[in-house]
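Report on the following structure.
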Number of protein chains: 2
Amino acid sequence: MTITISIDCMGGDHGPSVTIPAALSFLKKHDDVHLILVGLDATLRAELKKHRAESHPRLTLKNATEVVEMDDPLEIALRKKKDSSMRVAVELVKDGRANASVSAGNTGALMAISRYVLKTMAGVDRPAICSIMPNQKNGPTYMLDLGANVDCEPHHLHQFAIMGSVLCSAMEHIPRPTIGLLNVGTEDIKGNDLVKATGELLRADHERGQLNFHGNVEGNDIFKGTVDVVVCDGFVGNVTLKAVEGLSRFVKSVFKESIFSMAGALLARKSLKKLNPERYNGAGLLGLKGLVFKSHGGANAYAFEWALQRAYDAAKYDVLEQLSALIAELMPTSPGEERQA
Amino acid sequence: MTITISIDCMGGDHGPSVTIPAALSFLKKHDDVHLILVGLDATLRAELKKHRAESHPRLTLKNATEVVEMDDPLEIALRKKKDSSMRVAVELVKDGRANASVSAGNTGALMAISRYVLKTMAGVDRPAICSIMPNQKNGPTYMLDLGANVDCEPHHLHQFAIMGSVLCSAMEHIPRPTIGLLNVGTEDIKGNDLVKATGELLRADHERGQLNFHGNVEGNDIFKGTVDVVVCDGFVGNVTLKAVEGLSRFVKSVFKESIFSMAGALLARKSLKKLNPERYNGAGLLGLKGLVFKSHGGANAYAFEWALQRAYDAAKYDVLEQLSALIAELMPTSPGEERQA
């Protein structure tokens, strides 16, 4: 089976100068992949020419006349720029011409366009953003929601747990991933009203043998690798993710302070590699009727290729099918979904 | 003026083997300090003997027959162990015999005992925990609340902002510290209901010239040093703090992986020093009618000494007076406070 991925080549801080080299490198590594490059035709052709890759049997160009800028308000992205590379790339998924789409553009715009174009999956009230972080057990920790939903109810977090579990299971080949609820302590009685009520829902699922709920976890458990999937609301997830990114940048800057610390970083580079955030690029927008992955806006070609890899894996391992099957089993169709469908 | 600090010598993972050497070292550095060591008399004397410091003109021993264990439930700590070293140390502040108290014991127990013994300051609904983090501008970022209040209303966050501003101003000698509201984006319209409503209160204060509100900040701004004080609810603060601690431990463990990375860390040690969390030990319990500081439970003597230093500074720079003055100016006496007083 060929896996077709549509790429919003104009998105991100660097646009085609990053997305196209990444696409070409990815194409070389996978002979079962077909890529659709979406963007301003002349710009794409010029970049391809630089790499002497004007034509390739598994590469298609798709013209899109507009670009969603990183600071475009949602309305502009959604209502005005109807021929943006971001939107056209997602529409290719909707039309069944691509199995997944990848963009490094504005996260809010990508989520809004994806919800509008693809619609939400039956049984899901709100899509969520799921990414991975490295952990001390040398595995990734899946974490969601990372910012799509800043005000959540317990049933939203419950759905995030289901979605994260399916994504992790399919991508990592773990039959029953362990799920942790991000909290201020591990005891069941700990936490704010939201997580206490969510804990009850997850424990009930666990007792029925449906989800592998480990219990509450704390912030440090993300990096310990205590569980496979960490669930939280989008406010907490976004703040935590950015704080962690901020600390990483701080550590990096400290190593650049003197010739000694630079030499130290050089000596330790093999070990430090596992902390490299580029290796963990590519967040899934889960709960939509189609696969969309978001690359970090500042990603370089190496990092963008990792986002392509995740989209490829998600399509190959049938995340969408597995997700709708488990959602149908565990979630009665919710009123929210009916309104949207 | 002599500053008297009462020390819960039995608290923390290591008890007197850490607290007493730290106390003795601190005593040497400050000739205007008097320390009251609280704990099991025989245990304290034995530890002092080890250091050949059985008597010192600025050292007093205060016997307490019980110890709050790290895993004691709140009720046990508060209702049953009425002669615990933690409680006796806080009571010395209440009785005016100490200017501040320091404990490395169970955070929940320390907060509960401090609230019970000292009571909440007029105008404050809920005390908060405020700590500092290193930032890229070589200054500390003050952050609160770090876990005392997991369900907050806008007026609670508003009070946290006032308290954090006063602490930072007094300790760092900054006349009008900048305050940032931790959020998922910097624009005013961003965030969940709680922070949007809090932002309105803080903007109003800023317009009246009362608080130096910078606006919303994101997780990475904690380490960038964008503002002097970062305000959030205790759930977000606790999760973020622990995630950051977890990442730090992960980075440390990576440096221990091979002889090369260990050599690298050694080379970079001078630069890495500024990231050392021990240097930032000592969180203030703010909003009480007395000064209480919390050391990390696992602190070594060097780190515990830093917690003593913060308690000393807070007493010396009259944080309590300044706090009640600003609270009285900005906060009408709240119903919550009246119930408690």
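- Looking only at heavy-atom pairs under 4.5 Å with chain B, the residue among A:L182, A:N149, A:N192 that has the most is A:N192.
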Test side chain to side chain contact (heavy atoms under 4.5 Å, CB included) applied to B:L247 and A:S248, step by step: CA-CA 9 Å; B:L247 178 61; A:S248 305; 3.7 Å; yes
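- Other residues, nucleotides and ligands contribute over 12 non-hydrogen atoms within 6.0 Å of the NE2 atom of B:H214.
- Taken to the nearest 0.5 Å, the CZ atom of B:R249 stands 8.0 Å off from the CD atom of A:Q136.
- The shortest heavy-atom contact between A:A243 and B:V244 is CB-CG2, 4.2 Å.
- Among B:V150, B:V195, B:N135, the residue with the largest count of heavy-atom pairs under 4.5 Å with chain A is B:V150.
- Other residues, nucleotides and ligands contribute more than 12 heavy atoms inside 6.0 Å of the CD atom of A:E187.
- Atoms CZ and SG, from B:F235 and A:C232 in turn, are 8.0 Å apart once rounded to the nearest 0.5 Å.
- When each of B:D221, B:V217, B:N220 is checked for a side-chain contact (heavy atoms from CB on, under 4.5 Å) with A:K242, only B:N220 meets the rule.
- Interface summary for chain A: among B:N183, B:V184, B:T240, B:L241, the most heavy-atom pairs under 4.5 angstrom belong to B:V184.
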